[in-house]
Amino acid sequence: MKSEDVARYLHDHPEFFDQYAEMLTLVTLPDPHSGRAISITEKQLFNLRDKVRSLEAKLVELIGFGEENDSISDKVHGLAVALIAATDQAGALRALYSHLGGAFAVPHVTVRLWGAGQGEVREFEAVADSVKAFASGLHRPYCGSVAGQESALWFGEAAAYLRSMAQVPLREADGICFGLLVMASEEPHRFYPELGTLYLERIGDLAAAALLRVAA
């Protein structure tokens, strides 16, 4: 009889160990941790303990994700309140820079606008058509390397030290892009390609709505 035959028989006849319960204690297996011989029952207990430890680790991980999301939600809420309180364009931009650089600890933040508001400030400096086309074509915020990104030049001398960035399009209600919010870091993995963009999208929506409101 082959081992496959034995396995198939035990699978098809689960009552076997009811009839020969003593086999559970007589048959021994090597313990993968200590190397000593243990019974099938002990082996099952060890397996269950391993599964419990794995589930506990997963639970801790999920709790960590939940706490992180709660923290980010609080920060987004604070930004939303500040943007709502802004009464002019300068106030809205000040709130955006303050919260992203403070609560969110993003070291470099800038905005460029080409379809809303007015004023002789850096946010309305000329933007290349290629950047406008890039921003308009984004279906979700860009997260990744600074290499090859024209908007990196907006950070002046700091651009040479930047390694990752997030670029968030600012859109009107009808979807027309009128600006770009850019966040950058010297850390290469701060804004990585696989980063979830849900909160970045919400920040973009909030910023766009606020800037359009005060520009009206």
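None of these values were measured; they are calculated from a predicted model.
- Side-chain contact between Ser145 and Phe191 is absent, with no heavy atoms from C-beta onward closer than 4.5 Å.
- Atom OG of residue Ser54 and atom CG of residue Leu59 lie 11.0 Å apart, to the nearest 0.5 angstrom.
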Practice task
Report the C-alpha separation of Leu96 and Leu206 in whole Å, then their side-chain angles, then the decisive distance to 0.1 Å, and conclude whether the side-chain contact (heavy atoms from CB on, under 4.5 Å) test is met.
Solution key: CA-CA 10 Å; Leu96 190 60; Leu206 289 169; over 6 Å; no
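- Within the 4.5 Å cutoff, side-chain heavy atoms of Cys143 are placed close to those of Leu200.
- Going from atom CG of Leu181 over to atom CD of Gln167 covers 9.5 Å, rounded to the nearest 0.5 Å.
- In terms of modelled atom types and a separation under 3.5 Å, the side chain of Arg213 and the main chain of Leu83 share a donor-acceptor contact.
- Residues Gln89 and Glu123 have side chains not in contact (no heavy-atom distance under 4.5 Å, counting atoms from C-beta outward).
- Closest approach of Ala95 and Leu79 over heavy atoms only: O-CD1, 3.9 Å.
- In summary, the side chains of Ser164 and Glu187 do not present any donor paired with an acceptor at a separation below 3.5 Å, with no hydrogens or angles considered.
- Side-chain atoms of Thr110 and Arg112, non-hydrogen and from C-beta on, do get closer than 4.5 Å to each other.
- The backbone N or O of Ala103 lies less than 3.5 Å from a partner atom in the side chain of Lys75, making a donor-acceptor pair.
- In this structure, Leu93 is not a member of the same hydrophobic cluster as Val81, with clusters built from ILVMFWY side-chain heavy atoms closer than 4.5 Å.
- The side-chain heavy atoms of Leu170 and Leu180, taken from C-beta on, include no pair separated by under 4.5 Å.
- Note: the hydrophobic cluster containing Val121 also contains Leu212 (ILVMFWY, side chain heavy atoms under 4.5 Å, direct or indirect links).
- Asp129 has its side chain out of reach of Phe134: every pair of non-hydrogen atoms, C-beta onward, lies at least 4.5 Å apart.
- Annotation: cation-pi geometry satisfied between Arg122 and Tyr97 (NZ/CZ under 6.0 angstrom from ring centroid, within 45° of ring axis).
- Within the 4.5 Å cutoff, the side chain of Gln149 has heavy atoms near those of the Tyr142 side chain.
- Of all heavy-atom pairs between Pro107 and Ala184, the closest is CG-O, 3.4 Å.
- Within the 3.5 Å criterion, the main-chain N or O of Ser136 finds a donor-acceptor partner in the side chain of Arg171.
- Minimum heavy-atom separation, Tyr199 to Val76: CD2-CG2, 3.9 Å.
- Under 4.0 Å is where a charged nitrogen must lie from a carboxylate oxygen, and between Arg53 and Asp50 at least one such pair does.
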Problem - Evaluation steps, side-chain contact (heavy atoms from CB on, under 4.5 Å), between Ser185 and Met165 - result: CA-CA 6 Å; Ser185 172; Met165 62 164 36; over 6 Å; no
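- The line from OG of Ser71 to CZ of Phe104 is 8.5 Å long, rounded to the nearest 0.5 Å.
- The two residues Phe155 and Val109 come nearest to each other via the heavy atoms CE2-N, 3.7 Å.
- Scanning both residues, Pro141 and Pro169, for their nearest heavy atoms gives CA-CD, 4.3 Å.
- Note that CG of Asp74 is 10.0 Å distant from CD1 of Ile72, once rounded to the nearest 0.5 Å.
- For Tyr161, the OH atom is loosely surrounded, since the number of other residues' heavy atoms within 6.0 Å does not exceed 12.
- Cluster membership check: Leu198 does not share its hydrophobic cluster with Leu100, using side-chain heavy-atom separations under 4.5 Å among Ile, Leu, Val, Met, Phe, Trp and Tyr.
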Problem - Stepwise salt bridge (charged side-chain N to carboxylate O under 4.0 Å, His left out) test for Arg140 and Glu201 - result: CA-CA 7 Å; Arg140 58 191 292 272; Glu201 292 173 29; 5.1 Å; no
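- Across every non-hydrogen atom of Met183 and Val106, the tightest pair is CB-CG1, 3.6 Å.
- Under the 4.5 Å side-chain heavy-atom criterion for Ile, Leu, Val, Met, Phe, Trp and Tyr, Ile84 and Val111 are members of distinct hydrophobic clusters.
- Looking at Val168 and Leu138, their side chains never come closer than 4.5 Å, going by heavy atoms from C-beta outward.
- With Arg94 contributing its side chain and Ala86 its backbone, the two residues share no donor-acceptor pair below 3.5 Å.
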